[in-house]
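Index from 1, following the sequence.
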Amino acid sequence: MGHMVMNFSANLLGLDNAATPFGIKSMESLQELNPDKTKATNAQIMFLCLHASGLTLIPTVIIADRVALKSQFPTEIFIPCMIATFVATITAMVIVSFKQGIKVFQPVIVAWVLGITAIFTALIVYVRMLDAKGIQLFSTSLSNGLILLIFLLIIAGAIYKKAPVFDAFVDGAKAGFETAIRIIPYLVGLLVAISLLRNSGAFDFIMEGIKAIFAFLVAMHEL
């Protein structure tokens, strides 16, 4: 549960690279509970789908990339990212729940979904009231505040449980390094595949098709 919470927290803050190691550790932990090691459990499938949907509160990395590329309004994607990832997460949860026979309309699940919906709706309404500078200040302050809060909560939890904070930190750093080494072959393969697709023109073909679809939708809306 701890690994999954940290994975979702990293996704909420838009820290994709930080979410990956926690995602791997989560799947490894779930695999230990798996009675059939050759087949994914329902819990593993649900976690994978929720992780892939990537519920994002603050798209930190995307905003940073837009700043680096000298975008005039780097925080414009704040609201679209929130809406898109929220819809993707709810859709993933509903589809997987339906496939696995989970009753979604349980009081606890409904309360959580409505609570998260209310929070995201309030944030969207508030952000829409801000100008470009206000959005940038809000996103920066919120992301920095949440990261600091998580850090302080980890320290407070370790002190409460009387855990050796430094030793645990070193062990975590060692495990992170080992995880990075293990995923390097997959990253190399992924980068090679992406390079082949880009150089072959497949990406351009797909992008032109997507542009045509959205241009048609815009034209239909204007009519």
**OP:** Would you check, one step at a time, whether the test side chain to side chain contact (heavy atoms under 4.5 Å, CB included) holds for I45 with T41?
**Re:** CA-CA 6 Å; I45 295 172; T41 62; over 6 Å; no
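- Listed by first then second residue, pairs satisfying ring pair (Phe, Tyr, Trp, His ring centres under 6.0 Å) with a partner in residues 182-219 number zero, not counting sequence neighbours.
- Atoms CE and CG, on M27 and L48 in that order, are 5.5 Å from each other to the nearest 0.5 Å.
- If you chain together hydrophobic residues whose side chains sit under 4.5 Å apart, L217 and I206 fall into the same group.
- At most 12 non-hydrogen atoms from other residues, nucleotides or ligands lie less than 6.0 angstrom from NZ of K70.
- Note that the CG atom of L12 and the CG atom of N7 stand 9.5 Å from one another [nearest 0.5 Å].
- In terms of hydrophobic clustering, with Ile, Leu, Val, Met, Phe, Trp and Tyr side chains grouped at heavy-atom distances under 4.5 Å, L50 and I95 are assigned to different clusters.
- Contact check for T56 versus M82: no side-chain heavy atoms found under the 4.5 Å cut-off.
- Each salt bridge (Lys or Arg N to Asp or Glu O under 4.0 Å) pair with one or both residues in residues 91-117, not counting sequence neighbours, would appear here, but there are none.
- Rounded to the nearest 0.5 Å, atoms CD (Q100) and CG (N42) are 3.5 Å apart.
- For residues 5-51, the set of pairs meeting the ring pair (Phe, Tyr, Trp, His ring centres under 6.0 Å) definition, not counting sequence neighbours, comprises F8-F47.
- Under the rule for a ring-ring contact (aromatic ring centres under 6.0 Å, His included), the partners of F120 that lie at least two apart in sequence or sit in another chain are F86.
- At least one side-chain heavy atom of I159 sits less than 4.5 Å from a side-chain heavy atom of I155.
- Scored by the side-chain contact (heavy atoms from CB on, under 4.5 Å) test, E28 finds I24, K25, R182 as partners (sequence neighbours excluded).
- Rounded to the nearest 0.5 Å, atoms CE (M93) and SG (C49) are 12.0 Å apart.
- A continuous path of hydrophobic side-chain contacts links L196 to V188 [ILVMFWY only; heavy atoms under 4.5 Å].
- Note: T121 OG1 to L114 CG = 10.0 Å, rounded to the nearest 0.5 Å.
- A distance of 3.5 Å separates CE in M46 from OG in S97, rounded to the nearest 0.5 Å.
- Between W112 and the choices I109, V108, V110, the side chain to side chain contact (heavy atoms under 4.5 Å, CB included) rule is met once, by V108.
- Smallest separation of non-hydrogen atoms from N34 and Q44: ND2-OE1, 3.5 Å.
- Connection of I124 to V87 is established within a shared hydrophobic cluster, with ILVMFWY side chains joined at heavy-atom distances below 4.5 Å, either directly or through further cluster members.
- Considering L55, V94, V113 as possible partners of T89, the one that fulfils the side chain to side chain contact (heavy atoms under 4.5 Å, CB included) test is L55.
- Under the side chain to side chain donor-acceptor pair (under 3.5 Å) criterion, D36 pairs with T38, not counting sequence neighbours.
- Each of L33 and M1 belongs to its own hydrophobic cluster when Ile, Leu, Val, Met, Phe, Trp and Tyr are linked at side-chain heavy-atom distances under 4.5 angstrom.
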